[in-house]
Amino acid sequence: MSAVEQVSGIFDTILVLDFGSQYSHLITRRLREFNIYAEMLPCTQKISELSWKPKGVILSGGPYSVYADDAPHVDPAVFDLNVPILGICYGMQELAWLNGKKVGRGEKREYGPATLNVEDQSNPLFKGVDHSTVWMSHGDKLNGLPDGFVTIATSDNSPYCGIAHESKPIYGIQFHPEVTHSTHGKQLLKNFAVDICHAAQNWTMENFIETEIQRIRDLVGPTAEVIGAVSGGVDSTVASKLMTEAIGDRFHAILVDNGVLRLNEAKNVKKILTEGLGIDLTVIDASKEFLGNLKGVTDPEKKRKIIGNTFIRVFEREAERIQPKDGQEIQFLLQGTLYPDVIESISFKGPSQTIKTHHNVGGLLDNMKLKLIEPLRELFKDEVRHLGELLGISHELVWRHPFPGPGLAIRVLGEVTESQVAIARNADAIYIEEIRKAGIYNNISQAFACLLPVKSVGAMGDQRTYEQVIALRAIETTDFMTADWYPFEHSFLKKVASRIVNEVDGVARVTYDITSKPPATVEWE
Ligand SMILES: Nc1ncnc2c1ncn2[C@@H]1O[C@H](COP(=O)(O)OP(=O)(O)OP(=O)(O)O)[C@@H](O)[C@H]1O
Ligand SMILES: O=c1[nH]c(=O)c2[nH+]cn([C@@H]3O[C@H](COP(=O)(O)O)[C@@H](O)[C@H]3O)c2[nH]1
Ligand SMILES: NC(=O)CC[C@H](N)C(=O)O
Ligand SMILES: [Mg+2]
C-alpha cells in the first residue's frame, strides 16, 4: 500500500467479520445508516494484517456449527485489540465456544420472532429495546454460560438471548438485530457502536466528497493523468465527476461501445456527460472486436471473462494513444466498482462459491499494466446515488436503472450475434418506453428484456410463425443483493407483449419472470 490513507484509516470504523450469514452485509448497512463507517471482512481476516484499528468488532452470524471440524474461527488476536466486541448468533456461539465450549445442537430449530426480556436494565447494549420483537434464526444453542460471562437478556425459548462478559465490553446476542423483523435492532446496533465503542457519527457523503477528492489527489500526484471507464451508468458517472473535481482536465473519460449497449446509448451518454456535466468523454467503437471475441461462445462465465478482458485491452490501447502533458505514460484507470461487487469477491468460502464473475472485478486481466482507482469501492448503491445528487448530477441520471458492463451479451442467452443482439435491444427499448409512459420507472429498481435461445410456434396474420421468446424481468430491491419481482398490472404486461411481438421481428412469444433473488439472480446469465 502507498502512504495514501484508506477510508477506514480516516473515519472511525466498526469492523464486521463475516462468518457467511446471508445477512452480514446488512450489519454494515445499518451502521452506515446512522453515519458510522463500517467495513466487512472475511472472518478469517488476520488482525496483524489490518493497517487500521477498528473502534469495535462485530462477529456476524453464519451457516456453520462452531463445534464442527471445518467450522471457521476468528483470529484470537481480535481479543488483544481491547475494543468492544459483539457476537451475533454464530458470533455469540463462537464467543461461547472459545470460552468453555458449551455449545450444542438445540432440540429444535428456532426460526422467527421472539420477545426480548432485558434482565440487566443497566446494560447500555439494550437501552430502549426491552420487550421488543427480535428475529431468531438458529439450530444450535448455548448449553450454559461461557466462562466469565453473565446473562443480560432472555426470551421464552432462550435463557441466553443476551450475554455479557463480567469485566470486558464483550457481548453476545442470539438474535439478528440487522434484519428489520427485529423491531429495535437498529437501536441496539447504535447502542453498541455509539455508546459502547464511542465511534464518531461522521460518515456522511458530504465528508466523503472532501476526503475522497484529497485521497485521489494524493494518489495521482500533481501531474499524472488518468483514463476512466465510463458507461453512462450511475456509478461511473459519479466516479468521473469526483475525478473531474479532483484533477480537472488530467482526467480522460472513455466510453466503449462494445456492440452490446442499449438502443442509442453511446450517443445519449456522450451528450449528457459532455454537455450536462462537463466531463471530457471519448466514445470508442470496439463493437467488432467484442462481437468477434464472443463468436461461438455460449457459456455465461466465458462471455463475462471475454468481455472483462476485452474492456481492459481497449483501455490499455487508449492509454497508449493519449499523450499526457507531463510526457509520462498513463498509469491509472478509473472504474465505478461498488462495495457489493467487492463483498461478493471477498467471500472466505473461496472461489468455488462464485455465482457470477462481475466483469470489472473477476474479469480483469492478470497482467494488466494500468493501476485501478475505484473511489466508490467502499460504497453501497444508495450511498452513491446520494453522492451523485450532492455533486449536482441530474435526478434522472442518478436514478437510472443499472445496466451491466457485459450488457446485452448476458441478456442474449446462447451465442451472441449482431442479429440476436438487435432483437433483444429492440424488445428492451419498447419495454422501457412503456414503463416510462406508465409512470412507474422510478418504482422499479431495474427492468430489461432477455432473448431466450428457444423457438416457439405462433400465428400472425393467419401465418404460422416459429420464432424466439422474450422474457421480461423487473425487480424491486434496495441493494441488488436480494430482490423481488415487480407486480405489474396485467393490462401493462398485455400491452408490452403485444407491442413486442408485433414490432420486433424474430419474436413469437413474451413471458414475465416471477422469480425472486434468491433463489434466482437479477440477470439470466
Ligand atoms: N461500455 C462501457 N464503457 C466503459 N466502461 C464501462 C462500460 N460498461 C461498464 N464500464 C465500467 O465498468 C464499471 C461497472 O459497471 P456497472 O454497470 O456496475 O456500473 P455503471 O455502469 O457505472 O453504473 P450502473 O450500475 O448504474 O450501470 C463501470 O463503473 C465502468 O467503470
Ligand atoms: O457492471 C456489471 N457487471 C457485471 O458483470 C454484472 N453482472 C450483474 N450485474 C448487475 O448486478 C446486479 C445484480 O445482478 P445479479 O443478481 O445478476 O448478480 C444487477 O443490477 C445486474 O445488472 C453486473 N454489473
Ligand atoms: N444464524 C446463525 O448465525 C446460525 C448459527 C448456527 N449455524 C445455528 O444454526 O445456530
Ligand atoms: Mg452499468
Side-chain angles (χ1 to χ4, degrees), residues 225-294 304 306-322 324 330 332-338 341 358-361 363-365 368 370 372-376 384 388 391 393-394 396-398 400-411 416 418 421 425 428-429 432 448:
E225 306 202 0
V226 176
I227 67 165
V230 177
S231 64
V234 186
D235 313 337
S236 47
T237 305
V238 171
S240 304
K241 188 71 188 156
L242 265 181
M243 201 52 136
T244 305
E245 301 266 315
I247 62 166
D249 65 1
R250 288 190 283 137
F251 173 60
H252 311 273
I254 312 277
L255 180 134
V256 179
D257 183 346
N258 53 12
V260 285
L261 297 179
R262 282 173 290 199
L263 198 65
N264 301 327
E265 182 76 356
K267 212 169 65 204
N268 292 343
V269 170
K270 167 89 185 161
K271 193 165 157 35
I272 299 169
L273 263 61
T274 26
E275 289 174 20
L277 287 170
I279 295 169
D280 162 32
L281 180 82
T282 307
V283 177
I284 303 292
D285 181 0
S287 48
K288 293 259 168 333
E289 184 175 351
F290 276 85
L291 291 174
N293 292 348
L294 287 166
R304 286 169 169 278
I306 289 171
I307 291 167
N309 289 351
T310 312
F311 264 126
I312 297 297
R313 269 189 233 108
V314 173
F315 291 129
E316 292 198 329
R317 268 206 316 265
E318 280 311 296
E320 279 173 23
R321 191 185 54 81
I322 296 168
I330 289 197
F332 295 102
L333 170 66
L334 170 96
Q335 285 204 130
T337 307
L338 296 196
D341 306 339
H358 280 229
H359 78 282
N360 52 326
V361 182
L364 298 170
L365 281 175
M368 78 187 248
L370 292 163
L372 292 179
I373 302 190
E374 300 179 316
L376 313 179
V384 172
L391 288 168
I393 299 173
S394 72
E396 194 186 343
L397 209 163
V398 164
R400 269 189 112 183
H401 292 178
F403 181 72
L408 301 176
I410 54 168
R411 294 177 179 176
V416 185
E418 224 173 311
V421 170
R425 182 181 279 142
D428 186 73
I432 300 297
F448 55 88

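- Residue pairs meeting the salt bridge (Lys or Arg N to Asp or Glu O under 4.0 Å) criterion with at least one member in residues 251-270, sequence neighbours excluded, are Arg262-Glu265, Glu265-Arg400.
- Electrostatic pairing of Arg317 and Glu320 does not count as a salt bridge here, judged by no charged N lying under 4.0 Å from a carboxylate O.
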Exercise for the section: Please test Glu318 against Arg321 for salt bridge (charged side-chain N to carboxylate O under 4.0 Å, His left out), starting from the C-alpha separation and ending with a verdict. Expected result: CA-CA 5 Å; Glu318 280 311 296; Arg321 191 185 54 81; 2.6 Å; yes

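- One distance of note links OG1 of Thr237 with CD1 of Ile272; it measures 8.5 Å at 0.5 Å rounding.
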Practice task
Could you give me the CA-CA distance, side-chain angles and deciding distance for Leu263 and Asp428, then say whether side-chain contact (heavy atoms from CB on, under 4.5 Å) is met?
Solution key: CA-CA 8 Å; Leu263 198 65; Asp428 186 73; over 6 Å; no

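- Closest approach of Ile307 and Gly405 over heavy atoms only: CG2-O, 4.4 Å.
- When all heavy atoms are compared, the tightest approach of Phe251 to Ser240 is CE2-CB, 3.7 Å.
- Evaluation of the ring pair (Phe, Tyr, Trp, His ring centres under 6.0 Å) rule for Phe290 yields Phe311 as partners, not counting sequence neighbours.
- Residues Leu376 and Asp235 approach most closely at CD1-O, 3.2 Å, considering heavy atoms.
- Note: Leu334 CG to Ser236 OG = 8.0 Å, rounded to the nearest 0.5 Å.
- Considering only heavy atoms from C-beta on, Thr244 stays 4.5 Å or farther from Leu277 through its side chain.
- Taking CD of Glu418 as the start and CZ of Arg425 as the end, the distance is 8.5 Å to the nearest 0.5 Å.
- In this structure, Asp280 contributes its side chain and Thr282 its backbone to no donor-acceptor pair below 3.5 Å.
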Problem - Step-by-step side-chain contact (heavy atoms from CB on, under 4.5 Å) determination, Asn293 to Arg313 - result: CA-CA 12 Å; Asn293 292 348; Arg313 269 189 233 108; 4.2 Å; yes

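- Interatomic distance, CD of Glu289 versus CG of Leu294, reported as 10.5 Å (0.5 Å rounding).
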Handout entry: Audit row: Phe332, Arg250, side-chain contact (heavy atoms from CB on, under 4.5 Å) steps and yes/no
Key = CA-CA 11 Å; Phe332 295 102; Arg250 288 190 283 137; over 6 Å; no

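- To the nearest 0.5 angstrom, Leu273 atom CG is 11.5 Å from Asn268 atom CG.
- The only member of Leu372, Ile373, Val226, Ile254 that meets side-chain contact (heavy atoms from CB on, under 4.5 Å) when paired with Leu333 is Leu372.
- Taking each heavy atom of Leu261 and Val256 in turn, the nearest pair found is CD1-O, 4.0 Å.
- Gln335 CD to Ile227 CD1: the interatomic distance, rounded to the nearest 0.5 Å, is 10.0 Å.
- Between Val283 and Ala266, the shortest heavy-atom distance links the atoms CG1-CB, 4.1 Å.
- Under the ring pair (Phe, Tyr, Trp, His ring centres under 6.0 Å) criterion, His401 pairs with Tyr441, sequence neighbours left out.
- Nearest heavy-atom pair across Glu225 and Ile330 is O-CG2, 3.7 Å.
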